[in-house]
Amino acid sequence: GTDDYACMKEVLERRFSETTRDKEFPDLLLVDGGKGQLGIAGRVLEELGLSGRFSIAGIAKKDEEKGEKQDKIYIPGRSNPLNTGRAEKALHLLEQLRDEAHRSAVTFQRKRREKKGGRSFLDDVPHIGEKRKNILLQHFKGVNGIKQAGVDEIAALPGMNRKAAQSLCQALGIG
């Protein structure tokens with residue numbers, strides 16, 4: 001199963017290991033999660049001899065069932081989250097950073113899964129099924145070859161039609 005703490009430990013050890021020490025340290029390490037994740041991050045940095053080299057904070061999603069109105073920011077040595085009531089813009093910035101990190105991670109995982117599963121960009125194009133995908137890849141020798149073609153050339157292939165060709169060209173962003 002998934003172990004958030006073990007994953008966080010591995011990522012932090014990779015990022016801040018001896019071999020990466022020539023990189024600049026951040027001013028702030030923002031950890032996605034609450035007190036538990038922040039605690040793991042603090043312990044890893046301590047093990048690596050980096051305690052106090054830069055600030056660290058955790059951002060946890062609000063618990064709407066408990067009536068919480070905003071996400072929470074935790075810092076080491078403090079059991080309760082920071083009061084961010086007057087710093088809504090700063091909190092919003094941290095939320096955007098976290099959300100962008102999530103988006104980036106999800107995109108990376110999807111691409112990785114597609115590579116492993118033998119999936120192709122063509123699998124998600126409307127009107128392009130397995131047979132048409134095979135015809136296109138055999139004729140054009142890959143997606144780059146398809147990008148060089150026009151709607152008419154694609155539609156003229158056996159098993160293709162204009163609607164499928166237009167859908168494909170639109171998905172590829174070609175005229």
Side-chain angles (χ1 to χ4, degrees), residues 1-126 128 143-144 146-147 167-175:
T2 305
D3 183 345
D4 284 349
Y5 295 156
C7 290
M8 182 170 299
K9 183 177 189 304
E10 181 180 342
V11 166
L12 291 172
E13 285 174 344
R14 282 186 191 176
R15 168 57 179 91
F16 296 112
S17 70
E18 292 289 335
T19 59
T20 61
R21 293 277 170 98
D22 58 337
K23 294 182 180 179
E24 285 187 39
F25 290 122
D27 292 326
L28 172 67
L29 174 66
L30 183 63
V31 176
D32 183 17
K35 291 187 276 188
Q37 286 84 354
L38 184 63
I40 290 292
R43 279 194 290 282
V44 170
L45 295 177
E46 191 173 310
E47 289 170 9
L48 296 172
L50 298 175
S51 290
R53 293 287 300 264
F54 46 87
S55 299
I56 182 171
I59 181 168
K61 289 217 181 254
K62 63 185 169 217
D63 188 343
E64 292 179 358
E65 290 180 10
K66 290 183 180 178
E68 294 175 347
K69 303 279 187 223
Q70 59 188 21
D71 291 350
K72 301 171 291 278
I73 305 295
Y74 290 96
I75 57 172
R78 184 178 170 139
S79 59
N80 295 325
L82 296 176
N83 181 355
T84 56
R86 293 187 179 176
E88 285 186 38
K89 287 182 180 181
L91 177 60
H92 185 65
L93 174 65
L94 295 176
E95 290 168 341
Q96 286 178 314
L97 290 170
R98 183 229 13 243
D99 294 345
E100 178 60 19
H102 281 181
R103 187 201 61 74
S104 178
V106 167
T107 300
F108 171 77
Q109 289 298 333
R110 282 185 185 148
K111 285 181 180 178
R112 192 169 157 205
R113 200 174 316 123
E114 285 175 7
K115 274 186 178 178
K116 283 185 178 179
R119 288 186 47 83
S120 164
F121 168 81
L122 300 173
D123 291 329
D124 298 323
V125 177
I128 304 294
V143 175
N144 287 334
I146 297 169
K147 288 180 179 180
S167 178
L168 177 58
C169 287
Q170 183 178 0
L172 290 170
I174 56 177

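Counting from 1, the numbers follow the sequence of the chain as shown.
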Over all atoms of both residues, closest heavy-atom pair of Tyr74 and Ala60: CE1-CB, 4.0 Å
Any non-hydrogen side-chain atom of Ile73 less than 4.5 Å from a side-chain atom of Pro81? no
Go through Asp32 and Gln37 one step at a time and tell me if the side-chain contact (heavy atoms from CB on, under 4.5 Å) criterion holds. CA-CA 7 Å; Asp32 183 17; Gln37 286 84 354; over 6 Å; no
Assess whether atom CZ of Arg78 is packed by more than 12 heavy atoms of other residues, nucleotides or ligands within 6.0 Å. yes
If we only count heavy atoms from C-beta on, is the Ile128 to Ser167 side-chain gap below 4.5 Å? no
Inspect the surroundings of NE2 in His102 and state if more than 12 heavy atoms from other residues, nucleotides or ligands are less than 6.0 Å away. yes
salt_bridge(Glu10, Arg14) N-O dist < 4.0 Å: yes
Which pair of non-hydrogen atoms, one from Arg15 and one from Pro26, has the smallest distance, and what is that distance? NH2-CD, 4.2 Å
Check ring-ring contact (aromatic ring centres under 6.0 Å, His included) between Phe54 and all other residues, then give those that pass, not counting sequence neighbours. Phe16, Phe25
Polar side-chain atom of Ser104 near backbone of Glu100 as donor-acceptor pair, under 3.5 Å: no
Thr84 meets the side chain to side chain donor-acceptor pair (under 3.5 Å) criterion, sequence neighbours left out, with Gln70
Closest non-hydrogen atoms of Ala171 and Val125, given as atom of the first, atom of the second and distance, are CB-CG2, 3.8 Å
Between CG on residue Leu38 and CD1 on residue Ile59, distance to nearest 0.5 Å: 12.0 Å
Euclidean distance, Cys7 SG relative to Ile40 CD1, rounded to 0.5 Å: 11.5 Å
Ile75 and Ala57: which non-hydrogen atoms are nearest, and at how many Å? CG2-CB, 4.1 Å
Here the pair of heavy atoms bringing Leu30 nearest to Gly58 is CD1-C, 4.5 Å
Do Arg43 and Lys9 touch side chain to side chain, with heavy atoms closer than 4.5 Å? no
Looking only at heavy atoms, what is the nearest atom pair of Leu12 and Leu29, with distance? CD2-CD2, 3.8 Å
Before you tell me yes or no, could you show the steps for Leu168 and Leu122 under side-chain contact (heavy atoms from CB on, under 4.5 Å), namely the whole-Å CA-CA distance, both residues' side-chain angles and the distance that decides it to 0.1 Å? CA-CA 8 Å; Leu168 177 58; Leu122 300 173; 3.5 Å; yes
Summary of side chain to side chain donor-acceptor pair (under 3.5 Å) pairs that have at least one residue in residues 55-67, sequence neighbours excluded: none
Would you find more than 12 non-hydrogen atoms of other residues, nucleotides or ligands less than 6.0 Å from Gln109 atom CD? yes
